[in-house]
Each structure stands twice: as structure tokens, then as C-alpha cells.
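Data block below; observations after.
Chain naming here is simple, since letters A, B, ... match the order of the sequence lines and numbering starts at 1 in each. No hydrogens, no waters, no symmetry mates; every other heavy atom, side chains included, goes into these values.
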Amino acid sequence: MKNELTTLQTARDLGLLEEEYNRIQEILGRVPNFTELSIFSVMWSEHCSYKNSIAWLKKLPRGGERMLAEAGEENAGLVDIGDGLACSFKIESHNHPSAIEPYQGAATGVGGINRDIFTMGARPIAQLNSLRFGDLSSERTQWLLKGVVKGIGDYGNAFGIPTVGGELYFDTCYQVNPLVNAFSAGIVETDKIASAISYGVGNPVFIVGSATGKDGIHGAAFASKDIGEDSLKDLPAVQVGDPFQEKLLLEATLEVIASGCVIGIQDMGAAGIICSTSEMSAKGEHGMDIWLDEVPLRQPDMLPFEILLSESQERMLIVVHKGREQEVLDIFAKWDLNCAQIGVVTDTGKLRFYQHGALAAEVPAHDLVLGGGAPVYHREYREPAYYQQFKKFDPASVAQPRDYAEVGKFLLRHPNIASRAWVAEQYDSMIGTNTVTTNTPSDAPVVRIKGTSKAILVKADCNGRYVHADPEIGSAIAVAESARNIVCSGGQAVAITNCLNFGNPYNPEVYWQFVKTIQGMKKACEKFNTPVTGGNVSFYNQSDDGGAVFPTPVIGMLGLLDHYENKMTLDFKNENDPIYLLGELTNDISCSEYLYSYCGIKSSPAPYFDLEKEFQLQQAVTQIIAQRLVQSVHDVSDGGLFIALAESAMAGNKGFEVRTVDPIRKDAFWFGEGQSRVVVSVKEAQQSTLEETLRTLKIPFVLLGKVSHQDFTVDTKVWMNLKEAKQLYDNTLASYLK
Amino acid sequence: MKFGITVFPGSNCDEDVFYVFQNILKQDVVKLWHKETSLQGCDFIIVPGGFSYGDYLRSGAIARFSPIMDAVVEHANRGGYVLGICNGFQILTEAGLLPGTLLRNISQKFVCKNAYIKPVSTSALMTASLDSQRCYKIPVAHADGRYYASEDTIKELQDHDQILFQYCDANGQILSESNFNGSLLSIAGVTNRQKNVFGLMPHPERACDEALENTDGRYLLEPLLSLQTV
């Protein structure tokens with residue numbers, strides 16, 4: 001590909017629209033050459049520009065007294081957690097590469113999200129991942145799942161930051177398009193925060209880390225297309241990760257930021273050098289002259305567009321104070337990493353790229369970026385027919401099961417509910433010696449911050465089935481459940497990051513799901529005072545034949561606990577401790593795993609949810625934990641009340657004796673997924689105080705029964721014992737994934 | 001006693017070991033960068049876990065060529081104490097300071113969980129004072145932890161009381177199911193003939209802090225503090 005002038009056909013081949021090609025000519029005042037058009041094609045791709053989502057994303061609440069960076073302004077969100085510390089956290093998708101090459105796709109997702117954190121100057125301390133696959137009995141799903149888990153494990157384990165939790169769902173809607181979302185959180189002293197900015201004419205621009213190769217070229221554009229038969233041809237768009245380089249880059253980066261010689265720093269993820277040079281320059285309202293001959297390359301004879309667009313991993317762009325070049329060189333030499341000056345900051349506002357002494361491309365930085373000249377589209381949207389259809393569901397049409405114990409067993413071993421240990425044990429969850437929930441589990445993992453009494457809590461959550469049934473309610477539930485998990489662990493919900501996984505935005509019905517999701521998320525985030533610090537939109541999770549995935553807006557929530565000793569755990573502690581259900585009893589089986597998988601009824605609305613009642617419940621849970629009135633707290637979610645009880649019992653090696661409380665349907669009582677409910681166990685001596693407190697707080701509650709030795713007894717019938725339950729719960733994933 | 005922790009590129013448990021020795025066991029401890037050639041007067045060297053040099057060729061195979069390792073080998077040959085944990089154990093076998101080798105887990109997968117181990121050797125510093133009737137809950141996190149050695153070597157280990165720990169279940173039973181990585185004789189740790197070099201696959205430093213609600217690791221490390229300065 002020579003650097004010749006382009007035509008509309010070239011633009012179309014690069015995934016640009018005619019109107020976008022015309023706009024580029026207006027901006028440049030001339031016809032772009034191939035390098036320049038490539039630059040626009042990646043910077044204006046959905047992945048980099050958010051052109052089809054930004055108008056709606058801006059409606060989400062983004063402010064708050066703890067916010068140290070506005071959403072989208074930096075590589076990751078930044079929240080003040082007191083004592084001179086901040087937490088930087090973010091979630092990001094790597095869906096498209098993982099669909100083609102699960103091992104490297106997932107591994108580089110982990111690498112990318114961690115670079116976003118440590119470019120801020122923060123040392124990562126906890127990772128999560130959120131995974132969605134198709135039918136677990138299919139060979140392709142097993143291949144994808146094994147590859148993704150190994151990719152995440154091999155990268156994260158060697159990088160040396162614990163993976164403390166995550167989520168995993170299976171549904172045929174993800175058969176072609178798996179979802180692989182990675183989350184990381186790090187801690188930085190507030191006076192050592194780094195920014196993704198460039199300014200100061202004559203300041204040197206360095207590239208550090210791995211050499212640049214031909215991998216991942218047009219990766220950002222690839223992530224902005226539907227997955228089809230041709231996708232295998234995009235294989236070179238998948239990058240290859242090297243966690244060893246990333247570990248060295250982490251240490252060297254934190255050292256160089258601490259040295260004080262850095263003006264600005266940005267990692268190279270999507271769209272490589274062109275993305276970091278343009279975003280840093282646009283933010284600092286400066287330009288850069290870059291000499292491509294100085295970029296360390298993996299192979300000779302790379303063309304300008306290849307060098308600029310390469311998504312080779314484990315690289316950073318750093319602008320430093322002129323005169324302090326040697327300090328930077330020394331730090332990277334210590335860590336045996338490449339470090340090369342490739343250019344200087346200018347006052348032109350333009351990016352000029354030179355190769356072999358000739359100007360290969362000249363583009364204005366501002367016009368390339370989100371918030372600058374990148375296009376913003378208001379897409380058309382339309383309510384899909386299924387939405388009203390689902391609402392017509394009548395629970396009376398569902399006969400109650402004859403054998404309740406059988407339903408309980410079905411749910412315990414269901415791939416969406418069973419133990420995740422097969423996955424979790426492949427991740428180092430304990431390195432860093434801060435994971436205080438290793439030996440006693442909580443609804444959300446709790447990670448202590450050394451040198452303080454504080455801990456952060458992190459949780460990823462989304463039930464795509466609920467969001468599909470009703471995007472507005474489903475996305476509010478995703479926020480509420482993340483917050484509930486943090487509150488049930490003794491923490492306070494602070495802020496969220498989101499990863500919005502959807503189908504093709506040019507499909508009005510998909511876009512309707514997106515719009516409604518934002519509206520529901522907005523309401524819930526406002527209610528819980530958890531602003532959105534940033535995140536990622538992944539459209540085009542859609543295949544030629546399989547249609548779109550469930551709309552899956554994964555919430556990554558950050559919580560805070562001032563004293564980690566005050567965490568609450570979910571395991572039953574003592575035999576004979578009374579067990580209570582807090583929250584409203586609802587005669588609701590809608591959208592439950594029971595209805596969807598056991599009864600096989602796929603069309604029903606989202607489960608019962610009342611945002612105000614949810615908020616009151618969480619306030620009450622916070623209070624009873626603070627007053628030390630409860631022994632264990634566990635929220636009722638997938639699988640309903642029976643599964644919540646079973647999980648608390650298995651975690652504590654106990655059983656339970658409980659009874660059905662009239663007047664609602666028995667299947668709704670045990671397996672319904674009506675929201676805003678929590679199971680607690682309490683010491684007999686504190687029973688009356690707990691009840692009194694709940695009455696004062698106007699929180700409905702029922703006494704279910706008590707913790708027992710080994711049997712899971714419901715209405716005097718033993719459904720199963722602890723050993724049987726564990727057999728069912730512990731072995732499901734392994735039985736598929738030999 | 002002065003403890004020194006070697007740091008190779010890719011080491012990632014160095015900070016955890018350092019934290020335990022400095023903040024919990026209250027010892028004099030320093031880090032030893034792999035490019036250095038002096039042990040800075042340390043009496044006891046700890047080679048921590050991680051993925052030195054990415055473990056790309058074979059776990060521990062490259063790290064043993066680092067400059068600091070010459071000093072560590074010399075220290076050990078003079079009778080100085082050395083403990084290798086996880087990747088550190090692998091490095092010490094590669095360096096020839098400990099017998100046997102660590103192969104890929106029988107499951108072919110990385111595994112991180114609480115393991116239970118039982119002390120065996122009654123003559124080694126680390127285990128002599130431990131209760132041979134109880135088991136200790138110590139986390140593991142490795143892909144290459146399957147201890148393997150020739151029949152002759154295994155016999156020597158037994159003859160000279162060089163097996164430090166065996167994997168067992170939570171009740172102290174040594175069963176094939178509790179030998180999750182497929183080690184010969186469920187071996188979780190060994191010492192050399194002179195009993196001054198120790199290798200452990202489990203991570204005692206991950207079980208020392210009360211905040212983590214498991215302090216069994218202290219039982220393994222505290223005997224090391226009783227040593228007199230050489």
C-alpha cells in the first residue's frame with residue numbers, strides 16, 4: 001500500500017461513511033493520502049470516537065465530591081478515598097478479539113485495562129472479569145471458555161495482581177459473540193497522579209516498552225464491525241500479549257512518574273501511536289512532530305500507517321520535561337525496556353509524522369478525537385415488538401412443580417448458578433496479601449489497602465436476561481445489585497464504571513435497548529449516589545446469523561470500607577442461629593432462571609424491582625451491620641431464595657431448616673428473583689433487637705427458620721444434605737470442561 | 001539476623017515476603033536486585049515467587065544465570081541459609097541447590113487455593129519444631145508445582161529426612177485426591193542434604209497477616225528467626 005491519494009472507495013474499504021470522507025476533506029482542505037485516511041478511520045471508529053453513543057453517555061451522572069477526573073478525560077476514572085489516596089478503576093471489553101482467538105484476546109484485554117490504571121500513576125491491586133458465553137455443552141463454547149480463562153490467568157498471574165472475583169453467564173445469545181470484559185482497580189497517592197496530556201514546546205516525546213510490530217493493525221476498526229464469516233481474515237487484527245513486559249512496564253512507569261519528570265503519559269491500546277499522540281496533544285492543545293524512523297520496530301520496512309496504527313501491546317507514550325531525558329533513559333534501562341525519543345511537542349496543534357525525511361502525514365490533533373472533531377451521531381431508535389409481548393406473560397399459565405427438591409437440585413447445578421471455582425482457581429486471587437475475603441467469603445470481594453485500615457470492595461454485575469426483557473429496569477437492577485453486594489459486605493457504594501455490550505447500533509431496535517439502558521442506569525446511579533467514572537462501549541456484538549447478544553451493560557462498582565475488620569460475610573456461622581428474609585415478598589417468577597431454564601419459558605418481563613424500596617433496604621442493611629446485629633448477610637439473586645440459603649450454608653458447612661411463608665406462590669417464594677431481598681442469620685440473643693430495628697426502619701421481614709447441622713430442610717422435608725448440595729454445586733463446570 | 005530477598009525481573013511475590021518479614025516478623029530485611037553481585041551481608045536469602053523472566057523458557061531456568069545467583073550459590077555452599085518459595089523453589093532446583101524438579105501440574109492448569117500440608121522432616125530447621133500430627137493451611141499458586149525426581153533421589157530424600165512437607169486434606173490425611181498437582185509422594189517442599197537450603201511450593205507469606213484470617217504461615221517462618229548470626 002503506497003501513500004497515494006485516496007478515493008471514496010478507499011474510505012469505504014476502511015469502514016468510513018461518505019459523509020465522513022467529505023468531512024475529512026473539509027478539515028484538511030485537500031484529499032487525504034492513505035496514511036491520513038487510515039488515521040481518521042481508526043480515530044473515528046466507534047471504538048475510539050464513541051460516535052454512536054457519546055450523546056447518550058453524557059446524560060449519565062458524572063459529578064460528585066469524590067471525583068478527581070471527569071469521565072472520559074483520563075485513561076481511567078479516579079475517585080478520592082481519603083487519607084491522601086485515590087482509587088483509579090475501569091472496565092473494558094475485549095469481545096471481538098476473544099471471539100476469534102480466545103487466549104490472546106482475553107490476555108490482551110487484561111493487559112490493556114491494567115495499563116489504563118498504572119498510566120494514572122496507580123498501582124493495580126484488584127482485578128475482576130465478566131464473561132458471557134453460549135451453550136456450555138457446545139464444543140465451541142468450551143474451547144472459547146478454556147482459552148479465555150487461560151488467557152486471563154496466564155496474563156494476570158504473571159503480571160502479579162490478584163483476580164479477586166468476576167461473573168460468568170451462559171446463554172445461546174452469546175454463542176457467536178462471547179463477551180469478555182476486564183476490570184482493574186489501583187491505588188495512587190493524590191499528589192502522584194499522572195495525566196494523559198502533552199504541552200510545552202520542545203519537550204521530548206518518548207515511546208517506551210515493547211517494540212512495534214504489525215499486530216493489531218486496524219484492531220479498533222475490527223472491533224467496530226459485526227462478527228461474520230470474513231472475521232477470520234481479520235486475525236492479524238488480534239494482538240499478542242506479553243505479561244512479563246507488562247510487569248516491567250508497570251514498575252518502570254510508576255518509577256518514572258514518581259521521579260517528577262513526566263508531563264503526561266498515555267498507554268497505547270486501541271489505535272496505538274496515533275491514538276496516544278492525538279489524544280494527549282488535543283488535551284494539552286499542542287501539536288507534535290514525530291519521526292517514525294526512531295520508533296523501535298519488530299520488523300523492517302513497516303509503512304507509516306502500519307507504525308501509527310499498530311496495536312502492539314505493552315507500550316506507552318511519555319512526554320517529559322526538556323533536560324530530564326537522561327533520567328527517563330536510566331529508569332527504562334534499569335528495567336531492560338526500550339525507551340526512545342520519537343519526537344517533540346510543537347505549538348502547531350498538528351501532528352506531523354515523518355519517515356525517511358519526508359512528511360508522511362499531517363493532521364490536526366483536535367479533529368481526530370472524541371470531544372473535538374470526531375463525529376457525533378444521534379441514531380434512530382424503535383421499541384422492538386418483543387418488549388410488549390414479554391409483558392403479557394401470565395404466571396398463572398405456569399403450573400407449579402410437583403417436586404420442589406428436584407427444582408432446587410436443577411438450579412444448584414445449573415451452569416449459571418453453580419460454583420465458579422473451576423474458573424476462579426486458575427487465577428491468583430491472593431497475591432499482594434490484601435484479599436481479606438479469601439478465607440471468609442462476602443457478596444463482594446474486599447481488598448485491604450496496606451498502610452491504612454481501609455479496604456475497597458469491587459463488584460461486576462449484570463443479568464443480561466433482565467436487561468433484554470426490560471432494558472430500563474434491567475440496567476437499574478444491575479446497578480442496584482452491585483450496590484447491594486457491596487452493602488451486604490459492609491461497604492459503601494462509591495462510584496461505577498460500565499462496559500456497555502450491545503449489538504449493531506444502526507439497528508433501531510438495538511439502539512432502543514441502548515437508550516433505555518442509559519435511562520435506567522441514570523436513575524439508579526443518581527439514587528445510590530454512584531457517579532459514572534468512565535468505561536467502554538462495545539457495539540456490534542452481533543453475528544450474521546445469530547442476531548444481537550442480550551443488551552449487557554456490565555456494571556463495575558467500587559465500594560469503600562473505612563475499617564476492613566468491619567466487613568460482613570455470607571456464610572452461616574452457628575447451628576440454631578435464626579434465619580430471616582429481609583425485603584418484600586413478591587409473587588414473582590418473571591425472568592428467573594427457574595422460569596427461563598427449568599420451565600423453558602423465555603418471554604417474561606424483568607423481575608419485580610422498586611428503586612426506592614431497594615434503597616431503603618440497603619440503608620437498613622448498612623445499619624444492622626454497623627450495629628453488629630447479624631452473623632451473616634447474603635443477597636437473593638440468581639436462582640432465588642433457595643439458592644441464597646444454599647450458598648450461605650455451603651460456605652459455612654452447615655444446613656438449614658426453613659418454612660414457606662404464605663400467601664405467595666411456593667415457586668415464587670423459593671425460586672423467584674424479585675429484587676431487593678437479603679438473607680441474614682442472627683444470634684438468638686439478638687433476635688428481638690434485630691426485629692425491633694427492622695420495624696423501626698419499616699423494612700418487611702419474615703423468620704424463615706434456623707441454621708442446622710447438615711440437612712437442607714424445607715417445610716419439614718429434607719431436599720438434600722450438605723454433601724449432596726456440594727456435589728451438585730461444585731462439579732458442574734468441571735464436568736463440561738474436562 | 002539479616003534477611004535478603006532477591007528480585008528478578010518478573011518476581012512478583014518479593015513485596016509480600018518483604019512485608020511479612022519487616023512488618024509482621026519485625027526482621028531486618030533488604031531486597032537484592034538481580035544485577036547485583038553482593039548479598040549485602042545478609043545471613044538468610046529468600047528467593048520469592050513470581051514469573052522470573054516470564055518463565056518463558058522453563059520456570060526458573062533463566063533466573064539462575066542472573067549475577068546475584070552466583071552469590072546465592074556461593075552463600076549456600078558455604079552453609080548459608082536459603083529459602084525458595086514457588087518460583088524461588090524452581091530457581092533453586094535449576095541452580096542445582098535442591099534435588100528434583102517441578103513439572104507442569106497434572107491438571108495442566110494453574111491452581112490457586114488454600115492447600116493443606118503436613119510436616120515430615122524432624123531434623124530440618126523449618127519443620128523440626130512443628131506438630132507432625134496437625135496440618136497447616138498454606139495457599140498455593142502455581143502451574144509448575146508437580147515435584148519430580150528419580151527413584152534414587154527420592155530414596156535419598158527419604159533416607160536423609162529431606163522431605164519438608166507433604167500435601168494432605170483438611171483432616172491431615174495424605175490421599176491421592178489431596179495431591180492436587182500430582183507430586184511424587186505428595187511432596188510440597190524439600191531441603192538439601194546439609195539442610196541449609198529449603199524449597200516450598202506453598203506460599204507461607206500469604207498466611208501470616210491476621211487481616212487475612214489465616215496465620216498458619218508463621219509456624220513455618222518463625223523457626224527461621226531462631227538462627228544465630230553466622
Side-chain angles (χ1 to χ4, degrees), chain A residues 123 146 149-150 152-164 242-252 333-337 421-440 446-451 453 455 563-565 567 569 653 734 737-738, chain B residues 7-20 22-24 33-35 48-57 59 62 66 86-87 105 107-115 137-143 170 180 202-217:
Chain A
R123 181 176 285 277
K146 284 181 192 170
V149 170
K150 186 161 169 51
I152 292 172
D154 282 359
Y155 203 102
N157 297 342
F159 182 53
I161 305 303
T163 300
V164 297
D242 181 351
F244 174 58
Q245 290 289 314
E246 177 105 337
K247 166 70 175 164
L248 302 184
L249 192 58
L250 163 72
E251 301 300 339
K334 173 186 165 189
W335 291 99
D336 299 325
L337 289 169
W422 185 91
V423 173
E425 286 184 357
Q426 295 187 55
Y427 305 145
D428 192 336
S429 57
M430 307 185 203
I431 191 165
T433 58
N434 290 318
T435 314
V436 296
T437 34
T438 296
N439 291 295
T440 45
V446 182
V447 183
R448 175 255 317 251
I449 302 168
K450 281 205 181 99
S453 62
H563 296 278
Y564 65 82
E565 302 96 329
K567 78 183 166 99
T569 49
N653 282 315
L737 300 161
K738 293 252 163 44
Chain B
V7 182
F8 302 96
S11 294
N12 61 24
C13 301
D14 47 327
E15 194 55 44
D16 295 349
V17 176
F18 187 85
Y19 179 81
V20 165
Q22 183 171 65
N23 296 62
I24 295 173
W33 184 238
H34 71 113
K35 290 179 186 173
F51 291 74
S52 54
Y53 297 92
D55 277 353
Y56 284 145
L57 178 60
S59 295
I62 303 177
S66 268
C86 198
N87 191 224
N105 295 344
S107 65
Q108 301 295 307
K109 292 198 289 282
F110 184 94
V111 60
C112 172
K113 63 177 186 178
N114 279 322
K137 182 165 90 171
I138 310 289
V140 290
H142 58 249
F180 61 92
H203 287 269
E205 80 279 11
R206 295 185 181 190
C208 289
D209 192 336
E210 272 161 20
L212 306 179
E213 297 170 49
N214 174 14
T215 53
D216 279 5

- [ ] Answer with side chain, backbone, both or neither: which region of Lys146(A) has an atom nearer than 4.5 Å to a non-hydrogen atom of chain B?
- [x] neither
Task: Partners meeting side-chain hydrogen bond (donor to acceptor under 3.5 Å, both in side chains) with Thr163(A) (sequence neighbours left out) - done: none
Task: Contacting moiety of Lys334(A), where chain B heavy atoms sit under 4.5 Å - done: both
Task: Atom group of Leu248(A) that falls short of 4.5 Å from chain B, counting heavy atoms - done: side chain
Open item on the list: Under 4.5 Å from any heavy atom of chain A, what part of Ser11(B) do you find: side chain, backbone, both or neither?
Closed with: backbone
Task: Glu205(B) versus Tyr19(B), side-chain donor and acceptor atoms under 3.5 Å - done: no
- [ ] Mark yes when over 12 heavy atoms from residues, nucleotides or ligands other than Glu210(B) sit less than 6.0 Å from its CD; otherwise mark no.
- [x] no
Open item on the list: Is Asn114(B) in contact with chain A via its backbone, its side chain, both, or neither, using a 4.5 Å heavy-atom distance?
Closed with: both
Open item on the list: Run the side-chain hydrogen bond (donor to acceptor under 3.5 Å, both in side chains) test against Asp216(B) and tell me which residues pass, sequence neighbours left out.
Closed with: Arg134(B)
Task: Under 4.5 Å from any heavy atom of chain B - which part of Thr435(A) - done: backbone
Task: Segment of Glu15(B) engaging chain A (4.5 angstrom heavy-atom cut-off) - done: neither
Open item on the list: Report which part of Asn434(A) has an atom under 4.5 Å of a heavy atom belonging to chain B: side chain, backbone, both, or neither.
Closed with: backbone
